[in-house]
**Q** 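Can you keep this structure in mind? I'll have questions shortly.
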Amino acid sequence: MPVMSYLQAISDGLRVEMRRDKRVYVIGQDVGVYGGAFKVTQGFQDEFGPWRVIDAPLAETAIVGSCTGAAIMGMRPVAEMQFADFVSCAWDHLVTVAAKQRYRAGTPVPIVVRCPSGGGFSGGPFHSQNPESSFAHIPGLKVVCPATPADAKGLLISSIEDPNPVLYMEHKHLYRRIKDEVPEERYTIPLGEARIHREGDDITLVTWGAMVYTADEAATQVEAEGISVELIDLRTVAPWDKQAVLKSVEKTSKALVLHEDTRTGGFGAEIVATITEEAFESLDAPVKRVTAPDAPVPFSPPLEKAFIPQVEDVVAGLKDLAAY
Amino acid sequence: MPVMSYLQAISDGLRVEMRRDKRVYVIGQDVGVYGGAFKVTQGFQDEFGPWRVIDAPLAETAIVGSCTGAAIMGMRPVAEMQFADFVSCAWDHLVTVAAKQRYRAGTPVPIVVRCPSGGGFSGGPFHSQNPESSFAHIPGLKVVCPATPADAKGLLISSIEDPNPVLYMEHKHLYRRIKDEVPEERYTIPLGEARIHREGDDITLVTWGAMVYTADEAATQVEAEGISVELIDLRTVAPWDKQAVLKSVEKTSKALVLHEDTRTGGFGAEIVATITEEAFESLDAPVKRVTAPDAPVPFSPPLEKAFIPQVEDVVAGLKDLAAY
Amino acid sequence: MAIAREAEPVGSLKEVREAGLDREDLLTVYRNMLVTRGVEERGHILYRQGKIPGSFYTGRGNEAGSVGVATAMGPNDVGTPLHRDMGVHITRGVEPWRIFAQYMGRADGPTKGRDGNVHMADGRLGLIAMVSHLPAMLPVAVGCALAFRIREEKRVAVGWFGEGASARGDCHEAMTLAGTRRLPMVFVCDNNQWAYSTPTHLEYASETVADRAQAYGFEGVVVDGTDVLAVYREARRAIEKAREGGGPTLIECLTLRMEGHAVHDDAFYVPKEMFEEWAKRDPIERFRSWLKDNADLTDEEEDEIALEIKKIMNDAMKRADDSPLPDPSTVTEGVYATPEDLDTPHHK
Amino acid sequence: MAIAREAEPVGSLKEVREAGLDREDLLTVYRNMLVTRGVEERGHILYRQGKIPGSFYTGRGNEAGSVGVATAMGPNDVGTPLHRDMGVHITRGVEPWRIFAQYMGRADGPTKGRDGNVHMADGRLGLIAMVSHLPAMLPVAVGCALAFRIREEKRVAVGWFGEGASARGDCHEAMTLAGTRRLPMVFVCDNNQWAYSTPTHLEYASETVADRAQAYGFEGVVVDGTDVLAVYREARRAIEKAREGGGPTLIECLTLRMEGHAVHDDAFYVPKEMFEEWAKRDPIERFRSWLKDNADLTDEEEDEIALEIKKIMNDAMKRADDSPLPDPSTVTEGVYATPEDLDTPHHK
Ligand SMILES: Cc1ncc(C[n+]2csc(CCOP(=O)(O)OP(=O)(O)O)c2C)c(N)n1
Ligand SMILES: Cc1ncc(C[n+]2csc(CCOP(=O)(O)OP(=O)(O)O)c2C)c(N)n1
Ligand SMILES: [Mg+2]
Ligand SMILES: [Mg+2]
C-alpha cells in the first residue's frame, strides 16, 4: 500500500472520485491554476479542465450557494474554503438553505464543503479555528473530521457520495505532518462510525481531528503509570457514534472528552451530556472536558500554546480521573 | 407600578434609554415610519427623528456591521432584526468582527442586536427559530433571553449599557401574551444573574425565555403529586449563572434542562455537562434534557406542537426524574 | 444617468406572434393570470376564515411579471420564484389544490405542512422552493446555471428577487459569479416599489435596479411589469440569449405591490394616489382589454373562462380541505436525505 | 462602456500646492513611503530569520495608494486599512517598532501578540484593526460614517478593499447603505490586479471596479495607484466632498502587487512582462524623480533621508526585539470588555 500524507490522501480521494464520477467538480478560490492554497487540487485543472476545477471569486456564499443549485441539478459539487474560518461567510446559506431544503421541500442537497481547519502554526484568530461545533448543532448538516490519511480519503469519498450537505473539516496541522498507508483503490468509510484508535480499560478518551495525536501521546504517557486509556476517534461529529462511546464508557466507567475548539457550547458538551444522560449508572467519576479556553485563537506562539490543548493538559485530566 | 406587556416593556426600556442617552440609536428594517414589524419602535421616529431611528436596507450585515463601526466611534447602537432567524445573515460579522475585536485589538464593541425569536404561532422554519445556542458558543458575545416584562426592560437597558456585543433574544410568543408590573423608572438587571422563578426541593429545572411558562405549568402540575420543583430562569445564556444552577442542584440532587431550541449541541448540553463536571457527587439521577427534536421548525400546527416542548413533555421528564 | 435599456410596450398581435405566442397561448397566459389571482384571493378568504395558520402573502399586481416570465421559460429551464411569484408556479403547472393544501398546512401540500405560504415548489416542474431569507435563492439559481454550463446543456436558470432584497450581499455575489462566468442565467427583479414599508430610495441609490447590471458585466432592462406581453418578450429574449451562450440579463419588472406586505399590513405608508394610479394599470385588466382589442376575445369566451376558473378554484379548495393535517409523529422524518432520494432523473 | 472618471496624472509643484501640499509635506510623503517599504522589507528579513511566526504579507507597489490616501485624511477622520496598506499606519503615525513587535508576536505590538501581520491598528490614530475576512471592515467603516452623520460631525470614514474582495456581499451592503444615506464615506479599492492567484476578470465583470459606484448612486474614479500625488488629489477631493455632505466616492487605485500574495507564494501565475512593466512604475522611484524634477530634491537631502530612515528601522527592530513575548497566563484576558474600556474620549 502506498504511504501518503494526510494532504495527499485528501487529494487522492478527490481525484479518484472525480475520475469515477463526472458529476463531481471542485469550486473555490485559487483551486485552478494555483492548485488551492494548500495545493490539494494541484494538477487538477490540467486533468479535469477549467469547468470541473473552477476558480471562484472571493465570495463564499456564491461558492457554496451555487453548489446547492448545481447539486439540485444533479451535480456533486465539492467547494473549497481557503480556510475553514471563511465558512462563516457561507453560514446563512448553509443553515438556511442547504440544511433545511430536504426537510421542507424534499430536495436533497449533496454538497461537500472542504474546510481547512485548526491551529498550531501561528495562523492567528482567523486561520486557526475549528468551527465544527457550530455546524453540528444544525439539523440537516453533517460534519466530518478525519484524523488519519486513510480516513481522510475514505471519508471524503463518503462525503461526496452522501446525499446531504457535508462539512469536511481537514485539519491543516495534519496536512504534511501525518503520513500513513492508504489503499490505492476507491473505498468509503461510513459517516457516523467511530474508530477505536487505542483499546484500554480504565478511561474512555473521546476526541477527533488533530487532537487524536495529542490524546494518543497522553495515553502513552499515562500508560507508564498503569492507566489504561481507550481512545475513540469519532471521525464524524455529526452524526456522531453515540453507541461506540456509550459502550466504551460502560466498560471503563470514566470518560474524558477532548477538543481543540473552545469550551462553552463546544461539541464536547453534547458528548458529556449524552454520556451523563445515557450511561449515568456506569459512571464512577464526573465526565471531564479538556478543550481550548473561551477566547479567540491567539497568534503569538506562547499564547497559542496556552490556548490549544497540549499533551500535558490531557495527561493531567487523565490522572485526575484515574485518581477519582 | 404600571402593568405592561412583554412587548411594551421592551419598547419602554428602549425609549427610556434613548431619552437618557443620546448615543443610543435604533437601526433596522421598517423600524421608522412603520414602527418595526412588531411595533416595538412605534412612535420612536416621531420622538427621536430619522437619524436615531433609521430605516435600513434589507441588508443585515450592513445593519449590524455598521453598528460596530458606530459603536467604536462612541455610539450605542441597537439593531433590530426583523426576525431572529435573519441574524444568520450577520453571523460572519458578529463572530468575526464584533466578537473578537476586544480580544485582538482592545476595541470594545458595545452593540445590541434585538432578535425576535421563538415559535408557537405557525411561523414556519424561518420565523420561529431560537438561535441563542449558536451565539453562546462564540467567545466575546453575550446572549440575553428575558422571560418576564420586568426582566425584558431591565435586561435591555443593561445590554445597551454593556461594553460588549449583546444578542438580545426577545421571544415573540411572549410579546402580547405576557403582562406584568414593570417599574416606570430606569433600572438595570445584571447580565449573568439567574432568577429563581419558583423555589423547590426535589428537582432543579433550568430554562429561559418562553419555556419558563411551560416549565412553570409543568411544575404546578407535578406539585399536586408531591414533586417540588425549583425553577431557575437563566435570563442570560452567555454568560450563564453557573453558580445559581450548581447551588440549586446541590440542594435538589436532580436536574432537568429545558429549551425550545433543538437538542444536539444546544445550550442545554453545556448546562448538563457543567452540572456533571461540577456537581457530580450531588447528583442522584442523570441530568435530563427536554428540548425540540433535531429538525427545522415545521409550519403546520400539529407538527409545530410536536416540535416545541409542551407542558406534558416536561411533566413526563420531571416524573421520570422524581421516580429515579 | 440611467444605463439600463427601457423596454417598449407590446403593440399588435402580429408582434406577439413574432415573439412566439399564438392565440391559444395568449388565452393560456390569460387563464394563468386569472388562476394566479384566483388562488391568492381564495387564499385570503381561507385566511380570514381561520383556515390558514401563520401569515399570508400575495402578489397582487405582479401577475404579469410572474406569468410573463414563466411563459417564456422552456420546459427544461429552472427557476427560484419568490413570494410574489405565484404565477410562476401556476404557469409551470402546479395544481391549485396543492397550493391551498400548502397554505393550510396539510399533508398534500408540496412541503407536506413543513413550510407555509409560497415557500414551496415542485421540483419536477423545474422549480426550487424559496426560503424566507431574501435573496438567498439567487446563488442557488446561479448554481443551476453553472451546472448547465458545466454539462453544456442548453438550459437556463431564472432567479427572482425583490428590489428591496437587492440590497443584500447574496444578490451581489450571485450576479458576480454569473457575470464573470457568463452563465445561462436570467435575473428577474420584481420591483413593486416597496420592501415592506421601505420605499425604494432607502433600498438602492441607483436610478433603476436594472442599472446595476453593468456593474456585473451584463445587460439590464426595465420593463413595465403590468404588461404581460412586454414582460414575456423581454424574458424570452433574455432566456434565449442566455441559452445561446450570451450570458446573463437582469430584467426589472416595475409594478406596485397592490396590497400590504402581508395580510396584517394595511400599507398605510403607501400614498393613496399611488394605489389609485396603479389600480388603473391592473395587469389582468390591461391584458383583458388588449385581448379584446387585438385578439378578438369575446364576451362569451371571457365568461366561459371565468366560469372554468371558478370551478377550478372551488374544486381545489374542497380537495385541499379534504387533505389531512400531517401526522405529528412524522415531525422528525426527512431531516436527512437517504441515497434513494437521489434516485431521480436529475441525479443519474 | 466605462462609466467611472479617469483621474489625470499630477503635473507641476504649483498644481500640488493648490492641492494643499507644501514642500515639507511632500518630503513627509516621501519619507512615509520609504518607511512603509522599509518596514516591509525589514519584516521580510525578520521572517526569513525565523523571527516572524505564521505567514507574512507586504504591500509592495501600493505605497503610493496607501500613503496618498492617508495623507489626504484629516486628523479626526478614521479608516479601516488592509493588508496592503502599511502606508496608512505609517502616515497616521504608528511607530515602526510597534509594527515589528506586532510581526514578531511580542507584547508591545498593537495587538499584544493576539493577532499578527497588519491585523492591527491604533485607535487613537483613528484606525480600526482589520480582520482576515475580506472585505468585512467595509460595513464597519460605513458605521463610523453613520455615527458622524448622526452626530453631524464633519468627519469622514475611509474604507479600503481589494478588487478581489469586491466580489463579496459585505462590499455591496456597505456601499448600499452608504449610498442610500449619502454618508461621509470614501471607499478605496486597492486594485493590484490579483486576488491571490486570481486575475481580475474572474473577480468582476465590469470594466473597472470604479464603474460600480453608479450602482450605488455615487461617483467612481480610477486613479493611477503608483502616482502618489494623483492619489492624494483624488482622495482629498473625495474626502472633502464627503465632509461637506456630498456623499460617498469610490476611488480605485490601480497598481500591481509586486510580490507574491504572501511570502510563501512566488507568483508564478503573474506574467513576467507584467512585473517588468510595472517595475518601471515603482511608486517610490516615480515620486523620487518627480521631487527631483519639480521640487529640487537634492542628492544630499536624499541621502540624509535614506540615512534617517535606516536608523529608524534599525532602532525599531532592536526595540521590537527587546519586547517580551506575551505571558501565556494572559491567554484568556480581555475576551470581554469592561466598563472601564469605554472610558475613552470616543465614548463620552
Ligand atoms: C434576509 C432577510 N431579512 C429580512 C427579511 C424580512 N422581510 C421579508 S419580505 C421583506 C421585504 C422584501 O422586499 P422586496 O425584496 O422588495 O420584496 P417584496 O416583498 O416587496 O416583494 C423583508 C424585509 C427577509 N425575508 N430576509
Ligand atoms: C472572506 C475571505 N475569503 C477568503 C480569504 C482568503 N484570501 C486572503 S487575501 C485573498 C485575496 C484577496 O484579494 P484582493 O481583495 O484583491 O486583495 P489583495 O490581497 O490582492 O490586496 C484571499 C482569497 C479571505 N481573506 N477572506
Ligand atoms: Mg418590493
Ligand atoms: Mg488584489
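Below, chain A is the first sequence line, B the second, and so on; all start at residue 1.
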**Q** What is the distance from atom CD1 of C:Ile150 to atom CE of A:Met73, rounded to the nearest 0.5 Å?
**A**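 The CE atom of A:Met73 is 12.5 Å from CD1 of C:Ile150, to the nearest 0.5 Å.
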**Q** Going by the rule side-chain hydrogen bond (donor to acceptor under 3.5 Å, both in side chains), which residues pair with A:Ser11 if we only count those two or more places apart in sequence or in a different chain?
**A**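 side-chain hydrogen bond (donor to acceptor under 3.5 Å, both in side chains) check on A:Ser11 returns nothing, list empty.
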**Q** Look at A:Val109, A:Asp92, A:Thr107 and state which one has the largest set of heavy-atom pairs under 4.5 Å with chain C.
**A**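 Sorted descending by pairs with chain C, the first entry is A:Asp92.
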**Q** For each of C:Asp170, C:Asp122, C:Val142, tally heavy-atom pairs with chain A at distances under 4.5 Å, and name the one with the top tally.
**A**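 Heavy-atom pair counts peak at C:Asp170.
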**Q** How long is the straight-line distance from CG of C:Leu342 back to CG of A:Asn164, given to the nearest 0.5 Å?
**A**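 Here the rounded value is 8.5 Å.
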**Q** Which atoms of A:Ile138 are under 4.5 Å from chain C, going by heavy atoms: the side chain, the backbone, both sets, or neither?
**A**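 For A:Ile138, the backbone is the part near chain C, not the side chain.
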**Q** Measure the spacing between OG1 of A:Thr61 and CG of C:Leu177 and express it to the nearest 0.5 Å.
**A**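 Output value for this atom pair is 11.5 Å.
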**Q** Mind listing the closest non-hydrogen atom pair of A:Ala62 and C:Pro139 along with its distance?
**A**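 Between these two residues, the closest heavy atoms are CA-CB, 4.4 Å.
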**Q** Please identify each residue that fulfils side-chain hydrogen bond (donor to acceptor under 3.5 Å, both in side chains) with A:Glu278, with sequence neighbours left out.
**A**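 Partners of A:Glu278 under the side-chain hydrogen bond (donor to acceptor under 3.5 Å, both in side chains) test: A:Lys242.
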**Q** Sort out for me which of A:Pro50, A:Pro77, A:Pro57, A:Ala105 touches chain C most, counting heavy-atom pairs under 4.5 Å.
**A**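 Ranked by heavy-atom pairs under 4.5 Å with chain C, first place is A:Pro57.
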**Q** Look up atom CZ in A:Arg102 and atom CD in C:Glu333, then write down how far apart they are to the nearest 0.5 Å.
**A**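 Reported value, rounded in 0.5 Å steps: 9.5 Å.
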**Q** Any sub-3.5 Å donor-acceptor pair from A:Gln101's side-chain atoms to C:Val131's backbone N or O?
**A**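 Between the backbone of C:Val131 and the side chain of A:Gln101 there is no qualifying donor-acceptor contact (under 3.5 Å).
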**Q** Shorter than 4.5 Å, heavy atoms on both sides: which option in A:Val97, A:Asp162, A:Thr96 has the most such pairs with chain C?
**A**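 Heavy-atom pairs under 4.5 Å are most numerous for A:Thr96.
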**Q** Among the options A:Gly140, A:Ala56, A:Pro139, pick out the one with the most heavy-atom pairs lying under 4.5 Å from chain C.
**A**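 It is A:Gly140.
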**Q** Could you report the tightest heavy-atom contact between C:Ala147 and A:Met75, atom names first, then the distance?
**A**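 It is CB-CG, 3.7 Å.
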**Q** Would you give the length of the straight line joining atom CD of A:Glu60 to atom CD of C:Glu173, rounded to the nearest 0.5 angstrom?
**A**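 The CD atom of A:Glu60 sits 7.0 Å away from the CD atom of C:Glu173.
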**Q** Treating A:Tyr103 as the side-chain partner and C:Ala337 as the backbone partner, does any N or O pair qualify as donor plus acceptor under 3.5 Å?
**A**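 A pair under 3.5 Å: no.
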**Q** Can you tell if the side chain of C:Ile128 reaches within under 4.5 Å of the side chain of A:Thr68, non-hydrogen atoms only?
**A**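 No, too far: nothing below the 4.5 Å cut-off.
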**Q** Rounded to the nearest 0.5 Å, what separates atom CE in C:Met130 from atom CZ in A:Arg104?
**A**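 Those atoms lie 8.5 Å apart.
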